[in-house]
Amino acid sequence: MNRETLLVALALIPLLPLLVAAVLVIFPTQRIAAAGRLAVAGQAGALLLALGVFLPVLGGSGSGEAYRETLNFTWFRIGPEVVMPLGLVLDTINAPLLVMVTLVGLLVFIYSTGYMAHDPRAVRFFCFLSFFSGAMLGVLVANSLLMLFMFWELVGLASYLLIGFWFQKPSAAAAARKAFLVTRVGDVGLFLGMIWLGTSAGTLLFYDAGRGLLENVALGRLTAPAAGGVTVATATALLLFVGAAGKSGQVPLHVWLPDAMEGPTPVSALIHAATMVAAGVFLVARAFPLFEASAAVGEHALTVVAWTGAVTALFAACVAVAQNEIKRILAYSTVSQLGIMMLALGVGGWGAALFHLLAHAFFKALLFLGSGSVSHGCDEEKDVRRMGGLRGRMPVTFACYAIGMMALAGFPFFFSGFWSKEAILHAAHEWPVSQGPFYLGLAAAFLTAFYMSRLMLLVFFGRPRTQAAAHAHESPRRMTGPLAVLAAFSVLPVLIATPAWPGFSAFLQGQTPHWDPDHLVTAESLPLLVVSILLVAGGVGLAWMIYRPGRVNERCPDPLESRGGAIHRALGQGLYIDALYQRTVVAGTGLLGRLAAALDRWVWVGLPGVPAALIRRLSAVVDGIDREALNRGFVRVCAGLLHTGSGVQRLHRGHLQTWLTGLGAGVLILLLLVLL
């Protein structure tokens, strides 16, 4: 494939799902099956294109340099000075992610054709789903921070539409608003960082023949001290991380992600596995040279990333222990795993973070879709305490779910999650700044094995604890088929991740991997490997002790809950962080809103209304004078004249003798006056 064809194919990858979304906007609402087939076809086309552009990148490995192709073009121009370029990039960072997003998306789309088959608004659902996929693919191919930001916001819009798809449910509508508003908080940081970078570096292109934002010339300018002695590189890197923390659910901006499961199960699988939450990790990985430039001058942007990720990983793992809704357990698990990825990025293991992102996408999509299959088979039951005994009733779902659980928990050797977790813990252990994130990561790994084993035991083992579980049935093939494919991909990535054949890390660096069994376990890595395996075994063993069949029944569906007391209740409520936000941020925002309304009513509208009120009062006085004094006075004068005229009129009878008598009387009066 020549360069021009390659770049055209790259541009078409996000364009195909977006075109499908545009077509489905005007699609007849009753054509559900046709809409599903069209959405699947668009996603399948995007997958074929992604595989087509991935092969040249894979073939370019072994050259000693990481593969990269760019296409930059002018979006608009204002005069000779203002030029706004955009661009596309294909390299070892985004090529595997393009394949992952399109493949997981295709499986979710196929699953959705069965899951949403009887929803009257399914056509709109497939429209939103295609729009969501296209927006995420646009984030991946962008070679401009501005272009990335535009697609980033489209991802946020799509998530709002999908989380609140069943808007007739108040909880779904509230979750959609919450996701939109919380992620906007992070996006403000990304927007400010983008403006600052564009002003300081003179470009928003990532790569541009040596002049791009992530290349040496621009990075050299960004390491100059800015206000307060902090370099532009550090300040802008932290602002970008705020945006990434919002999208990837890092503490304290994690509160939207557990509520996102209010949308349909396919939406949860896409958001929590392959699309939205992956955007934040991808942004930090894409901008990693900027974070490295901060570290090179002795500043601590990466330290902030590492500690934030470590705290998030442990916090979310603790909260997941006390959750009872099957998808909510997985939601907090996603928050925890994203924290592990951020921890890896912060300690410099960006290759391990990307591999864990890829592996996590497959087994977390498997677990979410498997949870949808479980709920579908149990008459939409979601509380794990009300299930039990599904292993024999849903054998395909159980087998696939068990593979996803073991991959997430990090079962040794045969699952991708084990090797990606080991690479991250190894990088954290070797981090010279602090060992704190490493120990927090170990604790999170132990809790992950515990809460996932708890979930498996409560759902699939023991006896059914409700009628819904007793009458559970296997899901149709359109739902179990994607589960089987995702289960396979939860295992297969292990082939390129072991220390004996580090195919993925070699691919990222443009090198050829070599099989070396001596590096599978070395003297340096053996102690950490043993500790990690013991932690996983301890988590599984503890869950078995508490939740093994026979200890859980209808009267005691969760022994830990009955003994956990206030701590368990606090963890069940997410350590009351949502309540804290409700009483501080939400209540404070409401108070400010009421104050603004009062100012608007009484000051901004009220003060300009004072002269108007005075004029109205003066007008009323003048009107009173006009009506009471002038009008009524004039009427009275006229009435008096009329009365006088009437009296004079009565004196005139029209007889000549009367006139002569009066004339004579007047002459007589005048004579008397003269004589006297």
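Along the sequence shown, residues are numbered consecutively beginning with 1. This structure is a prediction, so every number in the text was calculated from the model and none was measured. For the numbers below, each heavy atom of this structure counts, side chains included, while hydrogens, waters and symmetry mates do not.
L354 CG to S420 OG: the interatomic distance, rounded to the nearest 0.5 Å, is 11.5 Å. To the nearest 0.5 Å, the span separating NZ on K364 from OG on S333 amounts to 3.0 Å. Note that the CG atom of L103 and the CG atom of L486 stand 7.5 Å from one another [nearest 0.5 Å]. F461 contributes atom CZ, which lies 15.0 Å from atom CE of M387 (distance to the nearest 0.5 angstrom). Atom CZ of F54 is separated from atom CG of L47 by 12.0 Å, given to the nearest 0.5 angstrom. The distance from the CE atom of M452 to the CE atom of M406 is 10.5 Å, given to the nearest 0.5 Å.
Minimum heavy-atom separation, Y451 to A317: CD2-O, 3.7 Å. Here the closest heavy-atom approach between residue Y332 and residue A320 is recorded as CB-CB, 3.8 Å. A142 and L148 get closest at one heavy-atom pair: CB-N, 3.6 Å. Residues L214 and L219 come closest through the heavy atom pair O-CD1, 3.6 Å. The minimum heavy-atom distance linking D187 with F149 is given by the pair O-CE1, 4.0 Å. The two residues S490 and I403 come nearest to each other via the heavy atoms CB-CG2, 4.1 Å.
Side-chain contact between I13 and L98 is present, with heavy atoms from C-beta onward closer than 4.5 Å. In this structure the side chain of F151 never reaches within 4.5 angstrom of the side chain of L137, judged on heavy atoms. Counting heavy atoms from C-beta outward, S532 and L425 have side chains that approach closer than 4.5 Å. No side-chain heavy atom of T70 sits less than 4.5 Å from a side-chain heavy atom of F206. Annotation: side chain of V284 is not in contact with side chain of W350 (no heavy-atom distance under 4.5 Å). In this structure, the side chains of M261 and V267 stay at 4.5 Å or more apart for every pair of heavy atoms. In this structure, F109 and P266 have side chains that are not in contact, with every pair of non-hydrogen atoms separated by 4.5 Å or more. Looking at P437 and W431, their side chains come closer than 4.5 Å, going by heavy atoms from C-beta outward.
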* Carefully, step by step, assess T183 and M276 under the rule side-chain contact (heavy atoms from CB on, under 4.5 Å). => CA-CA 11 Å; T183 53; M276 187 169 178; 3.8 Å; yes

side-chain contact (heavy atoms from CB on, under 4.5 Å) assessment of F415 paired with V491 | CA-CA 5 Å; F415 298 93; V491 177; 4.1 Å; yes

Exercise. Apply side chain to side chain donor-acceptor pair (under 3.5 Å) to S373 and Y115, showing your working.
Key: CA-CA 9 Å; S373 178; Y115 189 88; over 6 Å; no

- Which is it for H426 and E430 under the side chain to side chain donor-acceptor pair (under 3.5 Å) test, yes or no, and what are the steps along the way? CA-CA 6 Å; H426 185 74; E430 293 184 344; 2.9 Å; yes

task = For the pair L529 and I533, evaluate side-chain contact (heavy atoms from CB on, under 4.5 Å) and give the outcome as yes or no after the intermediate values.
result = CA-CA 6 Å; L529 193 67; I533 293 174; 4.2 Å; yes

Where do C318 and L447 land on the side-chain contact (heavy atoms from CB on, under 4.5 Å) test, with the steps shown first?
CA-CA 7 Å; C318 291; L447 290 173; 3.6 Å; yes

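Under the 30°/60° scheme for interplanar angles, the aromatic rings of Y401 and F460 are found to be tilted. Note: F288 and F291 have parallel aromatic rings, judged against thresholds of 30 and 60 degrees for the angle between ring planes.
At least one donor-acceptor pair under 3.5 Å links the side chain of T102 to the backbone N or O of V99. A donor-acceptor pair is defined here as one N or O able to donate and one able to accept, closer than 3.5 Å; no such pair exists between the side chain of S371 and the backbone of I326. Of the possible polar contacts, one joining the S159 side chain to the G156 backbone as a donor-acceptor pair under 3.5 Å is found. The backbone N or O of L571 sits less than 3.5 Å from a side-chain atom of Q323, completing a donor-acceptor pair. Under a 3.5 Å cut-off, the side chain of Q250 and the backbone N or O of S248 do form a donor-acceptor pair. Of the possible polar contacts, one joining the S336 side chain to the A313 backbone as a donor-acceptor pair under 3.5 Å is found. For T397 (side chain) and G370 (main-chain N/O), no donor-acceptor pair under 3.5 Å exists by modelled atom type. Side chain of D91 to backbone of N94: a donor-acceptor contact under 3.5 angstrom is found. Proximity of a side-chain donor or acceptor of T334 to a complementary backbone N or O of L330 within less than 3.5 Å is detected. Counting only distance, with no hydrogens or angles, the side chain of E262 and the backbone of I163 share no donor-acceptor pair below 3.5 Å.
In this structure, H254 has its ring center closer than 6.0 angstrom to the ring center of F315. Here the two rings, on F411 and F418, have centers that are 6.0 Å apart or farther.
For the pair R68 and Y207, the cation-pi criterion (under 6.0 Å, within 45° of the ring axis) is fulfilled.
A donor atom on one side chain and an acceptor atom on the other are not found under 3.5 Å apart for S130 and Q43.
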